[in-house]
Amino acid sequence: MEKRHPNHPGEMGLDAALAEQSRAPDEINARARAIGLLTEAGVPFVVGGAYAYAAHTGIYRDTKDLDLFPRKRDAGKALEILELDGWRTERTDDVWLYKAFCGEYFVDFIFSSGNGVAVVDDEWFEHAKKTMIFGHECLVAPAEEIIWSKCFVNERERYDGADVNHLLLKMGRQMNWERLMRRFDRYWEVLLSHVMMFRYAYPCERDCVPDWVMVELMSRTLDTVREGNWDEKICRGNLISRVNYHVDISHWGYRNGRAWDENQRHQGGNSGTRPELEDTAGSGR
């Protein structure tokens with residue numbers, strides 16, 4: 001039998017002990033201390049990662065870290081609180097990630113998806129559910145926002161499609177699909193790719209995704225068929241993978257789709273999506 005490295009995530013099942021059985025007590029205590037310190041200091045955050053995934057799906061798994069999702073304006077304060085407790089901190093990437101280290105153990109403070117799209121805003125808190133984590137009542141990231149963030153993870157070494165499928169399976173019938181559709185706005189094709197994979201994985205559970213959502217997404221797809229190719233040679237692949245489309249942009253002459261998208265968002269542009277999205281979302285119900 002293969003011997004698992006104690007820091008190798010992957011063990012998963014319905015037993016809550018799986019979230020901690022491969023972790024040293026000091027590591028679990030460090031996670032609990034971080035949550036306790038931030039809660040006492042009044043730093044707002046929602047819990048994400050494996051703990052939120054378990055809260056929504058009932059699936060537990062070993063995890064190498066604790067993922068906390070603050071608004072960006074609160075992420076710096078979170079670092080300051082842990083620094084006072086002796087933690088080493090780093091502002092890893094100002095687009096989406098800060099880290100705090102207690103010896104070899106660490107906490108991730110995630111305030112956006114890595115591509116800068118799924119920004120943690122007030123709605124992450126307004127729609128969060130409460131649960132007890134390490135003895136503290138915590139807010140857990142909503143399923144809709146977790147899906148919004150996870151759908152953009154399409155790296156060679158990590159693909160979150162199975163997580164999205166399980167969230168749709170367990171939460172799809174009760175989710176706020178109007179909000180999820182609004183979240184994906186100009187990225188509706190990314191959402192479509194995932195719901196199609198869900199339908200493939202669970203043909204007996206298709207009604208987890210409302211019919212009106214499928215009709216709307218397929219209607220937009222037909223519109224793009226009629227529209228044909230864009231005039232500009234552009235690759236948006238680097239919005240779903242940091243590295244896999246480097247050749248396209250660096251050597252094959254495609255415009256940097258992520259940079260283009262950031263510019264469009266900052267300008268409030270509608271290119272690449274239907275501007276009437278929010279008027280049509282839900283109209284087919």
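This structure is a prediction, so every number in the text was calculated from the model and none was measured.
Here Met181 contributes atom CE and Glu144 contributes atom CD; the two are 13.5 Å apart, rounded to the nearest 0.5 Å. The distance from atom CG of Asn176 to atom CZ of Arg183, rounded to the nearest 0.5 Å, is 10.0 Å. With rounding to the nearest 0.5 angstrom, the CH2 atom of Trp177 is 8.5 Å from the CH2 atom of Trp212. Here Ile35 contributes atom CD1 and Leu37 contributes atom CG; the two are 10.5 Å apart, rounded to the nearest 0.5 Å.
In this structure, Ser193 contributes its side chain and Val190 its backbone to a donor-acceptor pair below 3.5 Å. Side chain of Ser219 to backbone of Val215: no donor-acceptor contact under 3.5 angstrom is found. A donor-acceptor pair under 3.5 Å is absent between the side-chain atoms of Asp94 and the main chain of Arg91, judged by distance alone. Side-chain atoms of Thr221 come within 3.5 Å of backbone atoms of Leu217 as a donor-acceptor pair (strictly under, hydrogens ignored). Glu90 contributes no side-chain N or O that, together with a main-chain N or O of Ala100, makes up a donor-acceptor pair within less than 3.5 Å. Checking side-chain atoms of Arg265 against main-chain N and O of Gly116 turns up a donor-acceptor pair under 3.5 Å. A donor-acceptor contact shorter than 3.5 Å is absent between the side chain of Asn263 and the backbone of Ala259. Side-chain atoms of Asp108 never come within 3.5 Å of backbone atoms of Ile110 as a donor-acceptor pair (strictly under, hydrogens ignored). Side-chain N or O atoms of Lys129 include none that pairs as donor or acceptor with a backbone N or O of Ala143 at under 3.5 Å.
Around atom NZ of Lys77, no more than 12 heavy atoms belonging to other residues, nucleotides or ligands sit under 6.0 Å away. Other residues, nucleotides and ligands contribute only 12 or fewer heavy atoms inside 6.0 Å of the CE atom of Met197. Within a 6.0 Å sphere centred on CZ of Arg33, other residues, nucleotides and ligands contribute 12 heavy atoms or fewer. Around the CG atom of Asp122, the shell of radius 6.0 Å holds more than 12 heavy atoms that belong to other residues, nucleotides or ligands.
Taking the six-membered ring for Trp and thresholds of 30 and 60 degrees, Tyr159 and His194 have nearly parallel ring planes, at less than 30 degrees apart. Using a 30° and 60° split on the angle between ring planes, His246 and His251 fall in the perpendicular class, above 60°.
Using modelled atom types, one finds no donor on one side chain facing an acceptor on the other under 3.5 Å when comparing Tyr254 with Arg236. Side chain to side chain, Asp67 and Tyr51 fail the donor-acceptor criterion of an N or O pair below 3.5 Å.
Looking at Trp87 and Phe101, their side chains never come closer than 4.5 Å, going by heavy atoms from C-beta outward. You'll find the side chain of Leu239 reaches within 4.5 Å of the side chain of Val117, heavy atoms only. A 4.5 Å side-chain heavy-atom check between His127 and Arg179 finds at least one atom pair inside the cut-off.
Between Phe152 and Tyr187, the ring centre distance stays below 6.0 Å.
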Requested in this report: Starting from the C-alpha separation in whole Å, work towards a yes-or-no answer on ring-ring contact (aromatic ring centres under 6.0 Å, His included) for Tyr98 and Phe111.
Outcome: CA-CA 8 Å; Tyr98 294 163; Phe111 40 87; 4.9 Å; yes
Query raised in the report: Should Phe134 and Ile28 be marked as a side chain to side chain contact (heavy atoms under 4.5 Å, CB included) after you check the CA-CA gap, both sets of side-chain angles, and the distance that decides it?
Result: CA-CA 9 Å; Phe134 300 125; Ile28 299 304; 3.6 Å; yes
Query raised in the report: Under the ring-ring contact (aromatic ring centres under 6.0 Å, His included) criterion, do Trp260 and Trp230 qualify, and how do the steps go?
Result: CA-CA 14 Å; Trp260 168 87; Trp230 287 16; 5.5 Å; yes
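Contact check on Lys150 versus Glu145 returns no salt bridge, with no Lys/Arg side-chain nitrogen under 4.0 Å from an Asp/Glu carboxylate oxygen. Using a cutoff of 4.0 Å between basic side-chain nitrogens and carboxylate oxygens, Arg258 and Asp261 are not scored as salt-bridged.
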